[in-house]
Amino acid sequence: MLPKVTIIIPFYNDKYVPIAIQSALDQTYPNIEVLVVDDGSTSEMEKIQPYLDHITYVRKENGGTATALNYGIEMCTGEYIAWLSSDDMFLPHKIQVQMDYMLANNASVSFANYHLIDKDNQVFIEWCGKRFSPVNNAKEVYESFRTENPVNGCTIVARKDVFETAGTFNPGFLYTHDYDLWFRMLLNGVHMHYIDQVLIHFRSHEESGTSRFQPRIRHEIKTIEEYYRPILDEYLEKYASFH
């Protein structure tokens, strides 16, 4: 039996959620749990109704995306975890590609590239993510965190025990909780393996948090980078020869 992968979909008042859920259910990888965490929604809940026989649905008080993800990690039954924002979509082979790679390479975490789509699901920018060497790219990924965040959180697949090592998402960061966690993973020796394929469609639209809260996002990024980058520099000097 292949390991189970739980796809956690945090949901809050999002009209695009049926597209996200269907893309999770359409995965070619055979052992999937789709876990929708309703973060205290007040609208759009009826869009989940048709899927209730095919997903695990849990509801909690509103607390933000980090709290919804953490609740999903606590509730899930999978050995591996993927995160899908409720306005994005996985390509059908997403989990299969990453699990094939991770099981073959004994990788704890992998991430991939993505296309940008608009409100009508049309791709308007291809290959948006930073690209790395196709093999042995863990060191490159570490180095890139000195200057940028190269990881789109919804491209991640992680073994569940990684969250015991590095901790879970920090609710204090409303919009960049993933960036904070990537640093903690890296500093705990968890290598993040890049797979040079487009595996998700990431939606850009005027209602998204990325569009609406740029000043707060920039402040959070600055806080994270000022704290972690000096620690990362020391870590890389100490382990400069790692592969």
Side-chain angles (χ1 to χ4, degrees), residues 5-12 35 37 39 60 63-76 78-86 88 90 94-95 98 102 107-114 129-130 132 137-195 199-200 202 208-210 213 216-236 239:
V5 179
T6 298
I7 301 172
I8 301 173
I9 305 178
F11 164 69
Y12 181 72
L35 175 58
V37 181
D39 190 36
K60 59 180 280 300
T65 304
T67 65
L69 287 166
N70 290 344
Y71 192 68
I73 292 167
E74 183 182 334
M75 298 291 293
C76 78
E79 299 165 65
Y80 290 77
I81 289 171
W83 159 26
L84 174 57
S85 292
S86 57
D88 298 334
F90 284 173
K94 193 248 190 217
I95 300 298
Q98 289 183 260
M102 293 172 72
S108 299
V109 178
S110 72
F111 68 103
N113 223 296
Y114 59 99
K130 183 178 177 67
F132 298 91
N137 51 48
K139 181 73 183 294
E140 286 181 52
V141 174
Y142 267 93
E143 291 286 351
S144 72
F145 272 86
R146 293 184 185 216
T147 57
E148 62 189 313
N149 175 13
V151 178
N152 179 313
C154 290
T155 71
I156 283 279
V157 173
R159 218 167 49 210
K160 188 176 181 181
D161 61 12
V162 165
F163 299 98
E164 297 167 13
T165 301
T168 54
F169 294 93
N170 184 346
F173 295 111
L174 291 178
Y175 307 105
T176 59
H177 41 81
D178 54 341
Y179 194 22
D180 170 75
L181 179 55
W182 309 154
F183 273 109
R184 282 185 278 123
M185 285 183 179
L186 294 169
L187 292 168
N188 277 279
V190 178
H191 294 186
M192 304 179 80
H193 295 252
Y194 170 73
I195 296 171
L199 297 179
I200 80 162
F202 181 78
S208 71
T210 306
F213 302 109
R216 174 63 186 263
I217 291 169
R218 285 195 293 270
H219 174 74
E220 289 187 4
I221 289 172
K222 186 171 185 287
T223 301
I224 289 167
E225 291 176 347
E226 287 181 348
Y227 179 76
Y228 283 112
R229 281 191 174 154
I231 303 171
L232 181 67
D233 288 342
E234 290 182 17
Y235 181 91
L236 289 174
Y239 297 103

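Just so it is clear, the values below take in all heavy atoms, side chains as well, and ignore hydrogens, waters and symmetry mates.
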Partners passing side chain to side chain donor-acceptor pair (under 3.5 Å) against Glu140 (at least two apart in sequence or in another chain): Ser133
Partner set under side chain to side chain donor-acceptor pair (under 3.5 Å) for Tyr80, not counting sequence neighbours: none
Which residues share a side-chain contact (heavy atoms from CB on, under 4.5 Å) with [X], sequence neighbours left out:
{"X": "Asp178", "value": "Trp83, Phe169, Trp182"}
{"X": "Glu234", "value": "none"}
{"X": "Asp180", "value": "Asn170, Phe173, Arg184, Ile224, Tyr228"}
{"X": "Lys222", "value": "Glu226"}

Flag for Thr67-Lys60: side-chain donor and acceptor within less than 3.5 Å: yes
What distance do [X] atom [atom1] and [Y] atom [atom2] have between them, rounded to the nearest 0.5 Å?
{"X": "Lys130", "Y": "Asn113", "atom1": "NZ", "atom2": "CG", "answer": "11.0 Å"}
{"X": "Lys94", "Y": "Leu84", "atom1": "NZ", "atom2": "CG", "answer": "8.0 Å"}
{"X": "Ile81", "Y": "Ile156", "atom1": "CD1", "atom2": "CD1", "answer": "11.5 Å"}
{"X": "Leu186", "Y": "Ser144", "atom1": "CG", "atom2": "OG", "answer": "8.0 Å"}
{"X": "Glu164", "Y": "Arg159", "atom1": "CD", "atom2": "CZ", "answer": "10.5 Å"}
{"X": "Leu187", "Y": "Phe145", "atom1": "CG", "atom2": "CZ", "answer": "10.0 Å"}

Glu220 side chain vs His177 backbone, donor-acceptor pair below 3.5 Å: no
Thr6 side chain to Gly78 backbone, donor-acceptor under 3.5 Å: yes
Test side-chain contact (heavy atoms from CB on, under 4.5 Å) applied to Asp233 and Arg146, step by step: CA-CA 7 Å; Asp233 288 342; Arg146 293 184 185 216; 3.6 Å; yes
Any idea which heavy atoms bring [X] and [Y] closest together, and the distance?
{"X": "Tyr194", "Y": "Ala112", "value": "CE1-C, 4.0 Å"}
{"X": "Pro10", "Y": "Ala68", "value": "CB-CB, 3.8 Å"}
{"X": "Ala166", "Y": "Asn188", "value": "CA-ND2, 3.9 Å"}
{"X": "Met185", "Y": "Met192", "value": "SD-CE, 4.4 Å"}
{"X": "Gly167", "Y": "Leu181", "value": "O-CD1, 3.3 Å"}
{"X": "Glu225", "Y": "Pro230", "value": "O-CD, 3.9 Å"}

side-chain contact (heavy atoms from CB on, under 4.5 Å) between Ile200 and Thr155, worked out: CA-CA 7 Å; Ile200 80 162; Thr155 71; 3.9 Å; yes
Aromatic contact, Tyr227 with Phe183 (centres under 6.0 Å): no
Full working for side-chain contact (heavy atoms from CB on, under 4.5 Å) between Leu69 and Thr65: CA-CA 6 Å; Leu69 287 166; Thr65 304; 3.9 Å; yes
Parallel, tilted or perpendicular, as decided by the 30° and 60° cut-offs, for the rings of Phe132 and Phe111: perpendicular
Residues Val37, Asp39; criterion side-chain contact (heavy atoms from CB on, under 4.5 Å); working and verdict: CA-CA 6 Å; Val37 181; Asp39 190 36; 5.6 Å; no
